[in-house]
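For reference, the structure discussed in these notes is given below.
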Amino acid sequence: MEGAHWTLQENIENLFSKFISEGKATIRLREPALDICLSKADVSNLKNFISAVSLAHKGTDASPVPLSRLTPAKTSEIEKPRAKMIITCKKDYPLTKSFPYSLEHLQVSFCKLARVDMRMLCLKRLQKLDLSSNHIKKLPKTIGDLVCLQELILHNNFLETFEVELCNSTLRNSLKSLDLSENKLKALPFQLCNFRELVSLKLDGNELVQLPFAIGKLSKLRFLSATKNKLPYLPNSFKTLVLENLDLFGNPFAKANPMVPDIQLKIPLTLLETASRATLTYRISYGPQVIPKHLCQDLSVAKTCDCGGPCLSSFIQTIVVMNLHQVSQTVVLVDSMGGTEAPIICYFCSLTCYSMFLDKYLQSTRV
């Protein structure tokens, strides 16, 4: 970057001068997003230079600060911006140095990290973050500030929850691949379906008892694996997925029995149920400024009848069998018997809808 010029006024993200007594300092710019690393400098001259930079950032005249003439660095001494860094053992983990601000791909594995290092969250160019095989139990909400992040790998950690705040962050618009396999997750927030750009989702080896009920909203999802969990059945919206590869091996799927429904239908419908259904059917706008927050939550997790109509707390529920080839080109066998079918939960908003379904089901079993 010989001969490059950068604006300093209001353009300094941070000044790292902890090791200035060793002739080292780092100037982190906002635009362009890069680190200017200074080393082997005369300590007195470096202190003056950093003071001048600080004054320039504040828009103050820096001319009173005495500066010696800088000796241009040789091309061989200039470190090119790093785009990729891979660390796979604890002894190589940087404890005193910051991560290069130019990184686009960072892998830190087998380092026994108990939490995500906050220094990683300053890497605004990061597109791929691999923190597999560590001891991370919880994710900081600020991971959502990595606006360019497309791939997040958290395989083989100790995660027990996935934060709702991450699902509502800027990751909604950037994240394409998420690997949460081999953790201790028992549930996922329904807001996970906000990741509308998601193409690949790995959930293998957790303790999940259900998938997000609105998983069908992940219209760009093509690769899904959720092997060796505790799934008894799949959510109703699962049938709207369009996948290329699906692997659900090793789940304790329940036996489907459409003839034995779980009837939670209340007749006549309550005023709350009727109003809620109307709100969703006619797409009436609502929010916490109009109705109580808990009602907004109920509406956001409304079930969908086979007829396409909504239902909240009044419905008939049953489990049917679905051939997984209906949603995926390639299906890994569900069990050791070679099956490619799995139970899926279905909801019905009325006796009429359930009766129509039952008639079709009985006709199909007679063929």
Side-chain angles (χ1 to χ4, degrees), residues 137-145 159-173 175 178 180 183-196 198 201 203 206-219 229-241 261-319 344-351 353-354:
K137 292 184 177 181
K138 190 174 182 180
L139 298 174
K141 300 170 186 177
T142 42
I143 282 187
D145 295 336
L159 291 175
E160 297 178 352
T161 59
F162 190 83
E163 304 299 319
V164 171
E165 288 79 4
L166 295 181
C167 304
N168 295 326
S169 70
T170 56
L171 294 182
R172 293 181 300 176
N173 305 316
L175 198 64
L178 178 60
L180 297 173
N183 279 281
K184 298 181 181 298
L185 296 167
K186 291 183 171 64
L188 293 170
F190 73 86
Q191 293 91 341
L192 189 82
C193 304
N194 290 346
F195 294 138
R196 299 298 175 87
L198 207 61
L201 178 60
L203 303 171
N206 280 285
E207 301 171 23
L208 296 172
V209 295
Q210 63 182 22
L211 295 177
F213 84 97
I215 195 170
K217 291 183 179 179
L218 298 176
S219 60
N229 277 279
K230 298 180 180 180
L231 301 175
Y233 47 74
L234 303 175
N236 182 251
S237 68
F238 196 90
K239 59 190 177 186
T240 64
L241 290 172
D262 177 11
I263 300 176
Q264 299 187 36
L265 191 65
K266 303 175 183 68
I267 301 176
L269 296 178
T270 64
L271 180 59
L272 176 60
E273 180 77 16
T274 302
S276 299
R277 291 187 181 190
T279 298
L280 295 172
T281 300
Y282 298 108
R283 298 183 180 180
I284 300 170
S285 60
Y286 63 90
Q289 70 278 7
V290 179
I291 59 175
K293 188 175 181 179
H294 72 276
L295 289 182
C296 295
Q297 176 80 2
D298 291 344
L299 289 170
S300 66
V301 296
K303 303 163 182 65
T304 303
C305 174
D306 260 20
C307 72
C311 46
L312 274 74
S313 59
S314 184
F315 55 85
I316 298 175
Q317 170 184 308
T318 192
I319 298 175
I344 183 170
I345 194 164
C346 289
Y347 299 101
F348 304 95
C349 64
S350 65
L351 285 170
C353 287
Y354 177 64

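Sequence positions, counted from 1, serve as the residue numbers for this chain.
With rounding to the nearest 0.5 angstrom, the CD atom of Gln317 is 4.5 Å from the OH atom of Tyr347. Atoms CG and SG, from Leu175 and Cys167 in turn, are 10.0 Å apart once rounded to the nearest 0.5 Å. Atom OG1 of Thr142 and atom CD of Glu165 lie 11.0 Å apart (nearest 0.5 Å). Considering NZ of Lys230 and CD of Glu207, their distance stands at 5.0 Å, rounded to 0.5 Å. Distance check: Leu178 CG to Phe195 CZ gives 6.5 Å after rounding to the nearest 0.5 Å. Taking SG from Cys296 and CD from Gln289, the interatomic distance works out to 7.5 Å, rounded to the nearest 0.5 Å.
Side-chain contact between Phe190 and Gln297 is present, with heavy atoms from C-beta onward closer than 4.5 Å. Side-chain contact between Cys346 and Ile319: absent, with no pair of heavy atoms (C-beta onward) separated by less than 4.5 Å. Inter-residue side-chain proximity for Leu211 and Leu203 is flagged as met; some heavy-atom pair is nearer than 4.5 Å. Counting only heavy atoms from C-beta outward, the side chains of Thr318 and Asp262 never approach each other to under 4.5 Å. Considering only heavy atoms from C-beta on, Leu188 stays 4.5 Å or farther from Asn206 through its side chain. In this structure, the side chains of Cys307 and Cys349 come closer than 4.5 Å at one or more pairs of heavy atoms. In this structure the side chain of Glu160 never reaches within 4.5 angstrom of the side chain of Lys138, judged on heavy atoms. A heavy-atom distance below 4.5 Å is found between the side chains of Leu299 and Ser276.
A donor-acceptor pair under 3.5 Å is formed between the side chain of Asn236 and the backbone N or O of Ile345. A donor-acceptor pair under 3.5 Å is absent between the side-chain atoms of Thr281 and the main chain of Ala278, judged by distance alone. Judged by distance alone, the side chain of Thr161 and the main-chain N or O of Glu163 form no donor-acceptor pair under 3.5 Å. Ser237 places a side-chain N or O within 3.5 Å of a backbone atom of Ile215 that can act as its donor or acceptor partner. When atom types are taken as modelled, the side chain of Ser314 and the backbone of Lys266 share a donor-acceptor pair closer than 3.5 angstrom.
Judged as a salt bridge (Lys or Arg N to Asp or Glu O under 4.0 Å), the pairs with a partner in residues 273-283 (not counting sequence neighbours) are, in order, Glu273-Arg277.
Here the shortest heavy-atom pairing between Cys193 and Pro212 reads SG-CB, 3.8 Å. Residue Thr170 comes nearest to Gly144 through the heavy atom pair OG1-O, 2.5 Å, listed as atom of the first residue, atom of the second, then distance.
Ion pair Lys239/Asp306 flagged as a salt bridge, since at least one NZ, NE, NH1 or NH2 atom sits closer than 4.0 Å to an Asp/Glu carboxylate oxygen.
Within a 6.0 Å radius of CD in Gln210, no more than 12 heavy atoms belonging to other residues, nucleotides or ligands are found.
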